[in-house]
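One structure is given below, encoded as structure tokens.
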Amino acid sequence: MSDQNDEGETALPCVLITSCDPGFKEEELVMQILGASALPEPTKTEDVVVWYPWTINNKYYTANISLCVVPSPFSMNSAVAQSTQAFIVYFDSKTKDGLTAVTPWVALVEELAPEVLILVCDHVCENGVSRQEAQQWCLAHAFELVELNPEELPDEDDDFPESTGVKRIIQALNANVWSSVEMKDEHNQGFGLMSSLVASRHNNPRSVAETQCQSNSADENTEGQKTGSCQNSAEVDSVVDPMTDMDIQELANLTAGDADVDNFERLFTKLKEMKDKASSMPHEQRKVHAEKVAKAFWMAIGGDQDEIDGLSSGEES
Amino acid sequence: MIKFLLMVNKQGQTRLSRHYEQVDIGKRAALESDVVKACLFRMKDECSFVEYKDYKLVYRQYAALFIVVGITDSENELSIYELVHNFIEVLDKYFSRVSELDIMFNLDKVHIILDEMIQNGHIVETNKNRILAPLLALDKMAEG
């Protein structure tokens, strides 16, 4: 706890778990997610807020995270606020106004903007909160509805059956890129473009433009990437005209920034723009330009310098 | 003609979007969330074809993922409905039991598959082996 003021100390990302139903304890959900019959030793306890450790391990990555139990919005603290990346709230679906109890959380959650938002109940009730009502609430607040014990079970003959209950909660928590994610190597290769986008999102939050070369040895974690971009700008500076340089810089920023869909699309729009520009050039100049762009792009996505070193055609042919 | 294809999870997060008609980058997010709402809100037993503005949406749900395709009036809904299933089957074959995670971490490959199937908003290939051939060749190359 004393580490909290230390800026270098970063808490593990957490799943904020809360219940708006006095009859349902958050710990119940924690145990089910962990698949344990008893609660593990908490990693930390602060007042009524309790952290439990959990490691997500799937095909693509491992991530150490915390399951953090916060009984009410009033017991929120800054440590939780800063590390919340997923939010799970249980509500009482048997009473008509079950969802109003969730309201105090809504504004708070909007501010924290966690990636994963799940609304949990035992099962939707016609005399309490109906499916339609719950669904509508979820759509309005961008939550997913998960019933722990749904009345209608999904069709078993379906080739792609829906998961329900805690299994679905775990699935949804897996389908997220946590800031503590450690990618598994074998899936990091391939054509590497998307995995570099995803990986760079958290490893290198600063844009490449801001990353000055002097910070090379600052931290080992991102050193490889930083030296990559430094070499990139050094090499690019010497050979490319200012406009192209700006374009390339933007490409680099796009690959280093948030790896969302928009960015990814923008990346391709940008590439297309640069291609269009090249199409108005004379044939020889065009080849040289294309090569520079390709090389810069390669460097921008964190490719290995060695790979393209011997590939220069523009100068000699 | 196919206007766009989206893959969205139950929370409404877009996992893949491919537009075949120019839409301003800034307008895409609004269009996507609007379209997603139109489909996610529907009950399971409702029709998979939705009238939306001046065109139509064809959607299917696979586990926790929705695939939504926007098409013009002149396009055949049933063929698109089958196209979506074929697309999923190709993904399933390639990833052997495809999941949301596979799509998130292999977006480049999913785009390659999609581009083998749809070009310029028209279906160009439906044979699973032929769709996967270029990607498998690339994989072989990447392996060295």
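Each chain gets a letter, A, B and so on, in the order its sequence line appears, and its residues count up from 1.
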Exercise. Out of curiosity, A/Tyr61 OH to B/Leu101 CG, how far, rounded to the nearest 0.5 Å?
Worked result: 6.0 Å
Seminar exercise, completed: Of A/Arg131, A/Gln136, A/Gln135, the largest count of non-hydrogen pairs under 4.5 angstrom with chain B goes to A/Gln136
Seminar exercise, completed: Under 4.5 Å to a heavy atom of chain B? For A/Asp158 that would be neither
Problem set entry | Smallest separation among heavy atoms of A/Pro161 and B/Arg97, with atom names | CD-NH2, 4.4 Å
For this session: Answer yes or no: is there a side-chain heavy-atom contact under 4.5 Å between A/Phe160 and B/Asp92?
Result: yes
Problem set entry | Between NZ on residue B/Lys10 and CZ on residue A/Arg168, distance to nearest 0.5 Å | 6.0 Å
Problem set entry | Least distance between heavy atoms, A/Lys59 atom then B/Phe95 atom | NZ-O, 3.9 Å
Exercise. In terms of ring plane angle, is the pair A/Tyr60 and B/Phe105 parallel, tilted or perpendicular, where the classes change at 30° and 60°?
Worked result: parallel
Exercise. Considering residues, nucleotides and ligands other than A/Asn149, do more than 12 of their heavy atoms fall under 6.0 Å from its CG?
Worked result: yes
Problem set entry | Over 12 foreign heavy atoms within 6.0 Å of CD, B/Glu46 | yes
Problem set entry | Nearest heavy-atom neighbours spanning A/Leu117 and B/Gln11 | N-OE1, 3.0 Å
Seminar exercise, completed: Minimal heavy-atom distance between A/Glu115 and B/Gln13, with the atoms involved, is O-NE2, 2.7 Å
For this session: Could you check which of B/Asp102, B/Val98, B/Asn9, B/Ile88 has the highest count of heavy-atom pairs closer than 4.5 Å to chain A?
Result: B/Asp102
For this session: With the side chain counted from C-beta on, respond yes when A/Gln171 and B/Glu100 share a heavy-atom pair under 4.5 Å apart, and no when they do not.
Result: no
